[in-house]
Amino acid sequence: MKFRRLPFVAGFLVVPVVLYVVYVVSPFVQTIFYSFTDWGGLTDTQNFIGIDNYVRIFQDDIFLSAILHNAFLLLLMPLVTILLALFLAFMLNVGGRGDSAGIRGVRGSGVYKIVLFFPQVLSVAIIVVLFQAVFRTDGRGLLNALLIAVGLVDPNQPVQWFNSPTLVLWCLLAVMVWSGVGFYMVLFSAAMQSIPKEIYEAALLDGASRGPTFFRITLPLLWENISVAWVYLGFIALDGFALVTGLTPESGGGGPNHASELISNVLYRTAFTQGKFGLACSMGVALAVFSLLLAIVQLRITRRDRIEF
């Protein structure tokens, strides 16, 4: 009976496997091949040039600065997002104390969850339009207007958020965190709800405050979820193409003096503006390698024995 099932199961797997190979594996293989050529993208001619493209990109100051900008986001964006999401999830699930209901979230936690999750229903285009209004460089932008109202900014010299080489990356970081923290708050909230309330109640009876309860109970039990979230956020930090292109369009998607240039933006401009698809493919391969190394290193660093309860 076992051998009769094998052809039946294999028959259902053939079509998905073929589609995956054609539309996922094949483009990766082609990209690797083109990265060793001088292909211009609009012709059938591809001259093999070896590793010249890879040597060239790592001698390009703009590409190297893009790597540093991605590293900045890779370091801070997952860290800030996860810390905020953990804090919010903890407060909304076990941050309050009821007289008879035992462990519960802060008052109004159901409303807070909806409000904090709201950015997840917005498309990237809507987020771009929203923060273009927030970070407007005249006195009518929301952030500048608030700073002017409290007297921290001169009305005649509003802050040039996305036009400042020192501020543009921090502004992009704030937008990425705002747009992502709600999802991971819900993710961590779902994980916290699976933790038996008796554990928290026992800790409270022993006199534990919120701080020790979070670090000694919540954090160890959520470590596996945090590890996966860190990898996903790392991939987002390595991309950022849509936000950078939408919020800094006048600079070609790279900010003032390439101050917010990311690998994905350099790749896009190299391929579709300069017509150097072979060179762009080498950037894509480098980005893919960085992503794989990120996932491997992160999972190795954060790997712990799973705690059962």
Side-chain angles (χ1 to χ4, degrees), residues 31 34-35 38-41 51-81 123-125 127-132 134-137 141 143 159-180 231-295:
T31 301
Y34 291 137
S35 69
D38 61 354
W39 184 44
I51 63 171
D52 287 357
N53 284 329
Y54 293 95
V55 173
R56 184 175 175 182
I57 63 174
F58 286 105
Q59 292 178 343
D60 185 352
D61 292 337
I62 295 178
F63 184 78
L64 293 177
S65 66
I67 293 178
L68 294 178
H69 298 155
N70 272 115
F72 171 85
L73 295 176
L74 184 60
L75 176 65
L76 291 181
M77 199 270 282
L79 178 64
V80 176
T81 302
S123 67
V124 176
I127 293 175
V128 167
V129 173
L130 176 63
F131 280 95
Q132 282 177 340
V134 172
F135 289 109
R136 284 183 62 172
T137 54
L143 196 51
V159 181
Q160 304 295 308
W161 302 105
F162 288 118
N163 293 326
S164 170
T166 59
L167 293 177
V168 60
L169 267 181
W170 292 100
C171 294
L172 291 171
L173 173 65
V175 176
M176 287 182 174
V177 171
W178 179 87
S179 63
V231 173
Y232 286 156
L233 286 167
F235 290 155
I236 296 173
L238 285 175
D239 184 13
F241 172 79
L243 282 178
V244 172
T245 303
L247 291 173
T248 58
E250 69 284 350
S251 305
N257 196 25
H258 303 285
S260 63
E261 200 81 74
L262 302 182
I263 297 176
S264 55
N265 298 93
V266 179
L267 188 157
Y268 178 86
R269 190 167 57 251
T270 301
F272 296 101
T273 302
Q274 302 174 7
K276 301 175 182 178
F277 278 77
L279 188 62
C281 286
S282 65
M283 296 178 183
V285 172
L287 181 59
V289 172
F290 293 156
S291 301
L292 289 175
L293 290 177
L294 165 69

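Residue numbers count from 1 along this sequence. Fair warning: this is a prediction, and the values are worked out from it, not measured in the lab.
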Under the side chain to side chain donor-acceptor pair (under 3.5 Å) rule, collect the residues that match up with D60, sequence neighbours excluded. none

side-chain contact (heavy atoms from CB on, under 4.5 Å) with S264: which residues, sequence neighbours excluded? D239, F241, L262

Go through the structure and list residues passing side-chain contact (heavy atoms from CB on, under 4.5 Å) with S123, not counting sequence neighbours. A125, I126

Who passes side-chain contact (heavy atoms from CB on, under 4.5 Å) against L173, sequence neighbours left out? F72, L73, L76, M77, W170, V177

Residues that T166 engages under side chain to side chain donor-acceptor pair (under 3.5 Å), provided they are two or more places apart: S164

Donor-acceptor contact below 3.5 Å, side chain N70 vs main chain I263: yes

Who passes side-chain contact (heavy atoms from CB on, under 4.5 Å) against L294, sequence neighbours left out? L74, F235, L238

Which residues pass the ring pair (Phe, Tyr, Trp, His ring centres under 6.0 Å) test with Y54, sequence neighbours left out? F36

Gap separating the OG atom of S282 from the CD1 atom of I57, nearest 0.5 angstrom: 4.0 Å

Report the residues that fulfil ring pair (Phe, Tyr, Trp, His ring centres under 6.0 Å) with F58, sequence neighbours left out, ordered by chain and then residue number. F63

Within the distance-only criterion (no hydrogens, no angle test), does the side chain of H69 pair as donor or acceptor with the backbone N or O of A259 below 3.5 angstrom? yes

Residues that Y34 engages under ring pair (Phe, Tyr, Trp, His ring centres under 6.0 Å), provided they are two or more places apart: W39

Interatomic spacing from CG in L247 to CZ in F162 - rounded to 0.5 Å: 4.0 Å

